[in-house]
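For the single chain, residues carry numbers from 1 onward in sequence order.
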Amino acid sequence: MKIPLSPLGLGCAQLGNLYHAITDETAEATVRQAWDEGIRYFDTAPHYGLGLSERRLGAALSAYPRADFVVSTKVGRVLEPDPEGASRTDSQGFVVPAAYKRRWDFSRDGILRSLEDSLERLGLDRVDVVYVHDPDEHFEDTVDGAFPALLELREQGVVDAIGAGMNQAPMLTEFVRRFDLDVILLAGRYTLLDQPALDDLLPLCAERGVDVVAGGAFNAGILATASPGTMYDYAEAPAELVERAQRIADVCARHGVELPQAALALPAAHPSVVSVVVGAHDPGQVRLNAERFRRPVPRELWTDLIRAGLLREDIVLRQEGRP
């Protein structure tokens with residue numbers, strides 16, 4: 001089923017205190033700013049802050065008509081109480097007490113339990129999209145358990161659309177090949193620095209009519225500022241990658257374009273990409289990203305990057321609209 005996603009979406013990992021803590025008030029103000037910027041698609045997951053992101057997102061969205069927004073969440077990690085961990089901080093990047101532990105579970109029962117728990121945290125009676133989350137080491141369980149369960153839920157009308165969200169292209173390609181998916185969330189693999197999704201995944205999605213949500217457009221930080229940062233895919237970026245990002249930034253500057261502006265525009269320009277999801281720690285980041293997203297990017301920029309050997313020659317651009 002085709003779900004109408006806003007071209008720019010809010011990724012809600014930061015609402016779960018990713019890297020540093022924010023207050024409930026800041027989280028609510030961040031969602032409110034996103035709404036004011038025209039964002040109507042919000043992506044979350046139990047993984048984000050051990051449920052904190054879902055709780056905060058649900059509380060913030062309760063101020064708006066349910067029919068006016070789209071929510072996606074994810075399955076594959078079931079949260080279980082861990083009272084002994086309450087005195088520790090979560091070890092997976094979120095500044096929250098480790099009062100719950102994540103348990104990988106891609107079985108039918110695990111999928112049903114995860115979704116039920118998510119609905120309770122969100123305070124919703126349904127979500128629009130459910131993704132299988134990071135099943136990299138659980139391919140067979142996902143094929144045998146998760147997707148059959150999600151297909152059943154979609155057939156029953158419990159969810160409108162199903163798919164998978166991952167940081168890699170090959171397994172997503174196999175899922176699209178095997179199952180009748182509606183949408184995938186591809187994180188970090190179609191960016192200014194990394195375009196392996198062009199090999200098989202994006203052409204297959206175009207052939208099958210599968211929508212693509214692009215996440216990780218900044219590759220976790222290196223493309224998020226006018227001068228390249230030092231973080232790439234949640235780790236310290238190699239010097240040669242920083243140098244490549246700087247070369248891209250220099251070409252962008254000659255066209256009057258900022259590096260993060262181009263980073264958002266490239267995935268948005270692909271015909272199969274229906275939304276670019278970007279996270280934010282506060283309303284100011286939402287406002288800035290929305291402003292960047294709205295600025296037009298000259299097509300000549302892509303041509304110059306290709307000529308400089310900084311972008312693959314087989315990138316695909318919409319005939320009209322973006323960029």
*asked:* Pair I184, Y131 - check side chain to side chain contact (heavy atoms under 4.5 Å, CB included), show working.
replied: CA-CA 7 Å; I184 60 166; Y131 298 112; 5.6 Å; no

*Under the salt bridge (Lys or Arg N to Asp or Glu O under 4.0 Å) criterion, do D90 and R102 qualify, and how do the steps go?*
CA-CA 10 Å; D90 178 52; R102 303 166 179 88; 2.8 Å; yes

*Show the numbers, then the answer: is there a side chain to side chain contact (heavy atoms under 4.5 Å, CB included) between R295 and L264?*
CA-CA 10 Å; R295 292 179 203 153; L264 294 174; over 6 Å; no

*asked:* salt bridge (Lys or Arg N to Asp or Glu O under 4.0 Å) for D105 and R113? Distances and angles first, verdict last.
replied: CA-CA 10 Å; D105 193 339; R113 175 180 166 183; over 6 Å; no

_Full working for side chain to side chain contact (heavy atoms under 4.5 Å, CB included) between I22 and D282_ = CA-CA 8 Å; I22 63 174; D282 57 56; over 6 Å; no

*Please report the C-alpha distance between V242 and Q246 in whole Å, then the side-chain angles of each, then the deciding distance to 0.1 Å, and finally whether the side chain to side chain contact (heavy atoms under 4.5 Å, CB included) criterion is met.*
CA-CA 6 Å; V242 177; Q246 184 58 61; 5.7 Å; no

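Atom CD of E236 is surrounded by more than 12 heavy atoms from other residues, nucleotides or ligands within 6.0 Å. For E120, the CD atom counts as loosely surrounded, since its 6.0 Å shell holds 12 or fewer non-hydrogen atoms of other residues, nucleotides or ligands.
Among all heavy-atom pairs drawn from L223 and A263, the shortest one is CB-CB, 4.0 Å. The heavy-atom pair separating V143 from P148 by the smallest distance is O-CD, 3.2 Å. Across A217 and P267, no two heavy atoms sit closer than the pair CB-CG, 4.4 Å. Across all their heavy atoms, T89 and A98 have their closest contact at C-CB, 4.2 Å.
In summary, E84 and K101 do not engage in a salt bridge, as defined by a charged side-chain N under 4.0 Å from a carboxylate O. Under the 4.0 Å criterion applied to side-chain N and carboxylate O atoms, D250 and R254 are not assigned as salt-bridge partners. Ion pairing between a basic and an acidic side chain is recognised when a charged N comes within 4.0 Å of a carboxylate O; R177 and E174 show such pairing. A salt bridge between D134 and R77 is present, with a side-chain N of the basic residue lying under 4.0 Å from a carboxylate O of the acidic one.
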For residues 188-207, run the donor-acceptor check on the side chains, cut-off 3.5 Å, and write out each pair with its distance to 0.1 Å, sequence neighbours left out.
from : atom 1 : to   : atom 2 : distance (Å)
R189 : NE     : D194 : OD2    : 2.9
R189 : NH1    : N167 : O      : 2.9
R189 : NH1    : D233 : OD2    : 3.4
R189 : NH2    : D194 : OD2    : 2.9
R189 : NH2    : Y232 : OH     : 3.4
R189 : NH2    : D233 : OD2    : 2.6
T191 : OG1    : L193 : N      : 3.2
T191 : OG1    : D194 : N      : 3.1
T191 : OG1    : N219 : OD1    : 2.7
D194 : OD2    : Y232 : OH     : 3.3
Q195 : OE1    : R312 : N      : 3.2
Q195 : NE2    : T191 : O      : 2.8
Q195 : NE2    : L192 : O      : 3.1
D199 : OD1    : R312 : NH1    : 2.9
D199 : OD1    : R312 : NH2    : 2.8

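A single hydrophobic cluster is seen to contain both V75 and L119, as judged by linkage of ILVMFWY side chains at heavy-atom distances under 4.5 Å, directly or through other members. If you chain together hydrophobic residues whose side chains sit under 4.5 Å apart, L79 and L112 never meet in one group. The hydrophobic clustering, which links ILVMFWY residues whose side-chain heavy atoms are closer than 4.5 Å, places M231 and L241 apart. Hydrophobic clustering places V278 together with L259 (ILVMFWY residues linked when any side-chain heavy atoms are closer than 4.5 Å, directly or through intermediates). The cluster map of Ile, Leu, Val, Met, Phe, Trp and Tyr, joined by side-chain heavy atoms under 4.5 Å apart, puts V130 and L122 in the same cluster.
By the 4.5 Å heavy-atom criterion applied to side chains, R126 and D160 are counted as neighbours. Between I3 and D182 the shortest side-chain heavy-atom distance does not fall below 4.5 Å. Residues Q168 and D136 meet the side-chain proximity criterion, which asks for heavy atoms closer than 4.5 Å. The shortest side-chain heavy-atom distance between Y48 and L15 does not fall under the 4.5 Å cut-off. Side-chain atoms of T303 and I306, non-hydrogen and from C-beta on, never get closer than 4.5 Å to each other. For the pair V183 and V129, the minimum side-chain heavy-atom distance is below 4.5 Å. Side chains of Q285 and Q14 form no contact here, defined as non-hydrogen atoms less than 4.5 Å apart. Between L115 and V159, the closest side-chain pair of non-hydrogen atoms falls below 4.5 Å.
Applying the side chain to side chain donor-acceptor pair (under 3.5 Å) test to every pair with at least one member in residues 52-67, sequence neighbours left out, gives these pairs: N17-R56, D24-R56, T44-S53, E54-T73, E54-S118, E54-R121, R66-D128. Among pairs with a residue in residues 75-128, those fulfilling ring pair (Phe, Tyr, Trp, His ring centres under 6.0 Å) read H47-F94, W104-F106, W104-H138, F106-H138, at least two apart in sequence or across chains. Under the ring pair (Phe, Tyr, Trp, His ring centres under 6.0 Å) criterion, the residue pairs touching residues 154-175 are F139-F175, F147-F175, with sequence neighbours excluded.
Under the rule for a side chain to side chain contact (heavy atoms under 4.5 Å, CB included), the partners of Y234 that lie at least two apart in sequence or sit in another chain are Y19, A220. Under the side chain to side chain donor-acceptor pair (under 3.5 Å) criterion, R244 pairs with no residue, sequence neighbours left out. For K2, the side chain to side chain contact (heavy atoms under 4.5 Å, CB included) partners two or more places apart in sequence, or in a different chain, are D211. Not counting sequence neighbours, the partners of E152 by the side chain to side chain contact (heavy atoms under 4.5 Å, CB included) test are R108, Q156. Q33 is linked by a side chain to side chain donor-acceptor pair (under 3.5 Å) to E37, R287, counting only residues two or more places apart in sequence or in another chain. Residues that satisfy the side chain to side chain donor-acceptor pair (under 3.5 Å) test with R32, not counting sequence neighbours, are absent from this structure. The side chain to side chain contact (heavy atoms under 4.5 Å, CB included) search around D125 returns none, not counting sequence neighbours. In this view, T26 and T23 satisfy the side chain to side chain donor-acceptor pair (under 3.5 Å) rule, not counting sequence neighbours.
The main-chain N or O of V257 is never found under 3.5 Å from a side-chain atom of Q261 such that the two would form a donor-acceptor pair. Put simply, the side chain of R40 gets close to the backbone of W35: a donor and an acceptor are under 3.5 Å apart. Listed for the S275 side chain is a donor-acceptor partner under 3.5 Å among the backbone atoms of S6.
Expressed to the nearest 0.5 Å, how far CG of L52 lies from SG of C12 amounts to 11.0 Å. Put simply, CG on L301 and NE2 on H255 are 5.0 Å apart, with the number rounded to the nearest 0.5 Å.
When each of L172, V213, V273 is paired with L186, the side chain to side chain contact (heavy atoms under 4.5 Å, CB included) condition holds for L172 and for no other.
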